[in-house]
**Q** 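The following block contains the structure, expressed as structure tokens.
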Amino acid sequence: MAIISKKICLVGDFGVGKTSLIRRFVDRQFSDQYLSTVGVKISRKKVDLILPETQSQQSIQLLIWDLEGHTKFKGITPSYLQGASAAVVVGDVTRQDTLDHIREHIDLFLSINPKGWVVIALNKMDLVDSENLDGLVQKMSDSQTNQVLSVYKTSAKTGAYVDEMFELLSRQFISKS
Ligand code: GDP
């Protein structure tokens, strides 16, 4: 049986940790050294899941797209987002402005992919006290449409919730395909 492939775009302001989250998930690595992406990079990762209903194994191929670091928010080209099944919308918990822009990033993604799914990553969790963010997570969860599947407190540095986030999307793709 042919393996299903799905496109996921990482979206969010400059420096929030989009490239780092992909590297953590795909390569199991984190670097403090600043290396911004040039152009568009597409990483491929096969995810194997056990389906709870049947206990059968199902695999899915994720094509994870990352956009060049210096692209201004308004300049994100629709062609980058086009054809994506989901977006991981990332904010940096140490920079309020990046959290304020999450809604706009989601709206833009859904305007191009009305049937797409979204997860929100509140990233760099290792730099703050996790409990201080529970209110924010709740507020974000309450104010979203049902296409926003979940809000995660992630850290590309420690790896917290990174696999869980991509696994949730993978399960969603399999259950809806
Ligand atoms: P992008 O522009 O959104 O792709 O952001 P990058 O992935 O290039 O990350 C920007 C900077 O934040 C880099 O110096 C990373 O090392 C750092 N960074 C990314 N994620 C984390 C994280 O979860 N924790 C910490 N402490 N630093 C992070």
Side-chain angles (χ1 to χ4, degrees), residues 6-45 47 62-110 112-113 116-137 139-141 144 148-169:
K6 295 284 180 182
K7 173 177 173 179
I8 299 177
C9 287
L10 273 278
V11 189
D13 288 4
F14 178 64
V16 292
K18 300 182 293 296
T19 303
S20 302
L21 286 167
I22 297 172
R23 294 210 62 211
R24 163 62 67 192
F25 179 61
V26 175
D27 307 327
R28 307 257 156 238
Q29 279 179 14
F30 176 79
S31 167
D32 272 316
Q33 277 205 320
Y34 203 80
L35 263 184
S36 72
T37 321
V38 177
V40 174
K41 184 169 180 214
I42 304 170
S43 306
R44 212 195 288 242
K45 171 101 173 177
V47 176
L62 304 182
L63 300 172
I64 307 172
W65 288 48
D66 188 19
L67 193 65
E68 196 243 316
H70 289 283
T71 305
K72 291 257 163 34
F73 170 52
K74 295 270 184 271
I76 294 180
T77 49
S79 59
Y80 166 71
L81 297 172
Q82 210 102 54
S85 300
V88 175
V89 181
V90 188
D92 174 344
V93 293
T94 68
R95 285 161 55 212
Q96 181 61 41
D97 58 325
T98 70
L99 303 174
D100 295 339
H101 295 152
I102 285 178
R103 182 80 247 171
E104 290 169 65
H105 289 295
I106 293 173
D107 289 347
L108 178 61
F109 174 76
L110 290 178
I112 292 168
N113 300 294
W117 302 105
V118 173
V119 291
I120 297 174
L122 304 177
N123 193 41
K124 306 197 187 179
M125 266 312 302
D126 56 288
L127 296 177
V128 296
D129 186 352
S130 164
E131 283 166 20
N132 292 346
L133 283 183
D134 289 345
L136 176 66
V137 171
K139 201 170 125 219
M140 288 246 169
S141 307
Q144 306 299 337
V148 179
L149 300 172
S150 198
V151 181
Y152 286 101
K153 296 184 283 187
T154 61
S155 168
K157 186 164 186 171
T158 66
Y161 289 106
V162 178
D163 287 357
E164 284 86 342
M165 188 169 69
F166 285 101
E167 191 180 311
L168 178 80
L169 286 176

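Counting convention: from 1, in listed order, for ligands and their atoms alike. Since the structure is predicted, the reported quantities are computational estimates derived from the model, not experimental observations. All values below come from the heavy atoms of this structure, side chains included, with hydrogens, waters and symmetry mates left out.
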**Q** Donor-acceptor pair, Lys124 side chain versus Ala156 backbone, under 3.5 Å?
**A** no
**Q** Would Lys41 count as a cation-pi partner of Trp65, with NZ or CZ less than 6.0 Å from the six-membered ring centre and within 45° of the ring normal?
**A** no
**Q** Could you list the atoms of ligand 1 found under 4.0 angstrom from a heavy atom of Ser155?
**A** 23 (O)
**Q** Do Asn113 side-chain atoms and Leu81 backbone N/O form a donor-acceptor pair below 3.5 Å?
**A** yes
**Q** Verify, without hydrogens or angle tests, whether Asn123 (side chain) and Val16 (backbone) share a donor-acceptor contact under 3.5 angstrom.
**A** yes
**Q** Identify, by atom number and element, the atoms of ligand 1 in contact range of Asn123, meaning under 4.0 Å from any of its heavy atoms.
**A** 20 (N), 21 (C), 23 (O)
**Q** Is there any N or O on Gly17 that sits under 3.5 Å from an N or O of ligand 1?
**A** yes
**Q** Do any nitrogen or oxygen atoms of Thr154 lie less than 3.5 angstrom from nitrogen or oxygen atoms of ligand 1?
**A** no
**Q** Number the atoms of ligand 1 from 1 as they appear, then name those within less than 4.0 Å of a heavy atom of Thr19, with their elements.
**A** 4 (O), 7 (O)
**Q** Sub-3.5 Å donor-acceptor pair from the side chain of Asp92 to the main-chain atoms of Thr94, do we have one?
**A** yes
**Q** Does an N or O anywhere in Phe30 fall below 3.5 Å from an N or O of ligand 1?
**A** no
**Q** Heavy-atom distances under 4.0 Å are what count here, so tell me which part of Thr158 touches ligand 1: side chain, backbone, both or neither.
**A** neither
**Q** Which of the atoms in ligand 1, numbered in the order shown and given with their element, are less than 4.0 Å from a heavy-atom of Lys157?
**A** 22 (C), 23 (O), 24 (N), 26 (N)
**Q** When you measure from the heavy atoms of Gly12 to every atom of ligand 1, does any distance fall below 4.0 Å?
**A** no
**Q** For Lys18 and Gly12, indicate whether the former's side chain and the latter's backbone hold a donor-acceptor pair under 3.5 Å.
**A** yes
**Q** Could you list which atoms of ligand 1 come closer than 4.0 Å to a heavy atom of Ala156?
**A** 20 (N), 22 (C), 23 (O)
**Q** Does atom OH of Tyr152 have more than 12 heavy-atom neighbours from other groups under 6.0 Å away?
**A** yes
**Q** Taking the six-membered ring of Phe25 (Phe, Tyr or Trp), confirm whether the NZ or CZ of Lys45 is under 6.0 Å from its centre and within 45° of its axis.
**A** yes
**Q** At a 4.0 Å threshold, what atoms of ligand 1 neighbour a non-hydrogen atom of Asp126?
**A** 22 (C), 23 (O), 24 (N), 25 (C), 26 (N)
**Q** Would a distance-only check, ignoring hydrogens and angles, find a side-chain to backbone donor-acceptor pair under 3.5 Å from Arg24 to Lys157?
**A** yes
**Q** Tell me whether Met125 has any N or O atom under 3.5 angstrom from an N or O of ligand 1.
**A** no
**Q** Suppose I only count heavy atoms of Leu127 and a 4.0 Å limit; which atoms of ligand 1 are within that range?
**A** 26 (N)
**Q** Is there a polar contact between ligand 1 and Asp66, counting only N or O atoms under 3.5 Å apart?
**A** no
